[in-house]
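Counting convention: from 1, in listed order, for ligands and their atoms alike. All figures in this text were calculated on a predicted structure; none of them were measured in a lab.
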Amino acid sequence: MKITFYGHACFGIEISGTHIIVDPFITGNPLASHIDVNTIKADYILVTHAHQDHVLDVEKLAEKTGATIVSNYEIVMYYGAKNLKGHPVNHGGTFTTENFSAKYVNAIHTSSFADGSYGGQPGGFVITAEDKSLYIAGDTAVTMDMKLIPMSTKLTAAILPIGDNFTMGVTDAIIASDLVECNTIIGCHFNTFPPIEIDVDQAKQEFLNSNKELKILEIGGSLTL
Ligand code: NI
Ligand code: MN
């Protein structure tokens, strides 16, 4: 499972030649101006919720690649009305393909499109493939529902928001990593906008103090689980 960070909360995940993009927001992110969205491969576009900083490039990417949009019912219907292909799930449900599965799990947040359309309830995903499992929390507060995840899944890594203001910040992300029983954390949803600017070195140190690792990828950088 190869994970590439495209900035903010957007990640590419490559599994045995299958390309997943999560929450594409590239053309609107000044920190990701060196990423050309037209070169990104996608077979599946996973969308956690409808906020603009998670869906801005969904249409462009889906039109170009023909990828299947996997998200909650309301989001998939929204794009279906624009003739884009999708597969709806809802909380607790798992979308399964030959190469991976993606379970839509609870998040505490809101979800509406930029035009005011209802975006269903927000979620996160647990992606499992090749004996590895990756939790993508989406935009969320820390929530006791996170304790449900390790009851069914031993996580290899977790992508957690750490920027505070719109989501949990570092202190709560450390609590979240305890709840999901995973000490390998990949940070996201920080520094893109002034309200979510953080001191990354201090964040890494706080995780270290709790015997956890906070991995911060360069935008365009990758790691393999
Ligand atoms: Ni959001
Ligand atoms: Mn967001």
Side-chain angles (χ1 to χ4, degrees), residues 3-13 20-33 35 37 40 42 45-62 69-79 86 88-91 102 104-127 134-143 145-146 158-173 176-177 180 185-198 200 203 214-217 219:
I3 301 170
T4 302
F5 184 43
Y6 290 118
H8 196 52
C10 180
F11 289 86
I13 299 162
I20 302 167
I21 298 293
V22 182
D23 286 357
F25 173 76
I26 295 162
T27 58
N29 182 357
L31 303 182
S33 57
I35 305 291
V37 72
I40 292 180
I45 302 170
L46 271 52
V47 178
T48 61
H49 66 294
H51 286 158
Q52 185 82 331
D53 59 317
H54 299 256
V55 303
L56 183 69
D57 293 316
V58 167
E59 284 182 50
K60 183 189 281 256
L61 206 55
I69 298 163
V70 180
S71 189
N72 69 34
Y73 182 82
E74 288 78 6
I75 289 173
V76 168
M77 290 306 119
Y78 178 91
Y79 288 115
V89 290
N90 220 323
H91 300 88
Y104 195 57
V105 296
N106 297 347
I108 294 205
H109 194 65
T110 53
S111 179
S112 53
F113 285 94
D115 64 7
S117 302
Y118 177 54
Q121 296 294 310
F125 290 97
V126 177
I127 297 175
L134 173 68
Y135 172 45
I136 298 166
D139 283 8
T140 184
V142 63
T143 158
D145 285 350
M146 289 170 173
I159 295 175
L160 302 180
I162 56 173
D164 214 329
N165 196 84
F166 299 115
T167 65
M168 56 189 168
V170 170
T171 305
D172 283 356
S177 77
V180 299
I185 303 302
I186 300 165
C188 73
H189 215 278
F190 64 93
N191 285 358
T192 318
F193 321 109
I196 59 172
E197 277 171 9
I198 63 163
V200 169
L214 175 65
K215 292 177 185 287
I216 300 291
L217 293 172
I219 297 176

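Using bins of under 30°, 30° to 60° and over 60° for the plane-to-plane angle, the ring pair H54/H49 lands in the tilted bin.
S111 is linked by a side chain to side chain donor-acceptor pair (under 3.5 Å) to nothing, counting only residues two or more places apart in sequence or in another chain. Residues passing the salt bridge (Lys or Arg N to Asp or Glu O under 4.0 Å) test with E59, sequence neighbours excluded: K82. Residues passing the salt bridge (Lys or Arg N to Asp or Glu O under 4.0 Å) test with K60, sequence neighbours excluded: none.
Under the 4.5 Å side-chain criterion, counting only non-hydrogen atoms from C-beta, Y79 is in contact with V55.
Tally of protein N, O or S atoms closer to the Ni ion (ligand 1) than 2.8 Å: 4.
Ring pair F125/F11: centre-to-centre distance not below 6.0 Å.
Angle subtended at the Mn ion (ligand 2) by D139 OD2 and H189 NE2: 90°, rounded to 10 degrees.
Looking at H54 and the Mn ion (ligand 2) together, the shortest N, O or S contact belongs to NE2. Closest to the Mn ion (ligand 2) among the N, O or S atoms of D53 is OD2.
The closest side-chain donor-acceptor pair between H109 and T140, if any, does not fall under 3.5 angstrom.
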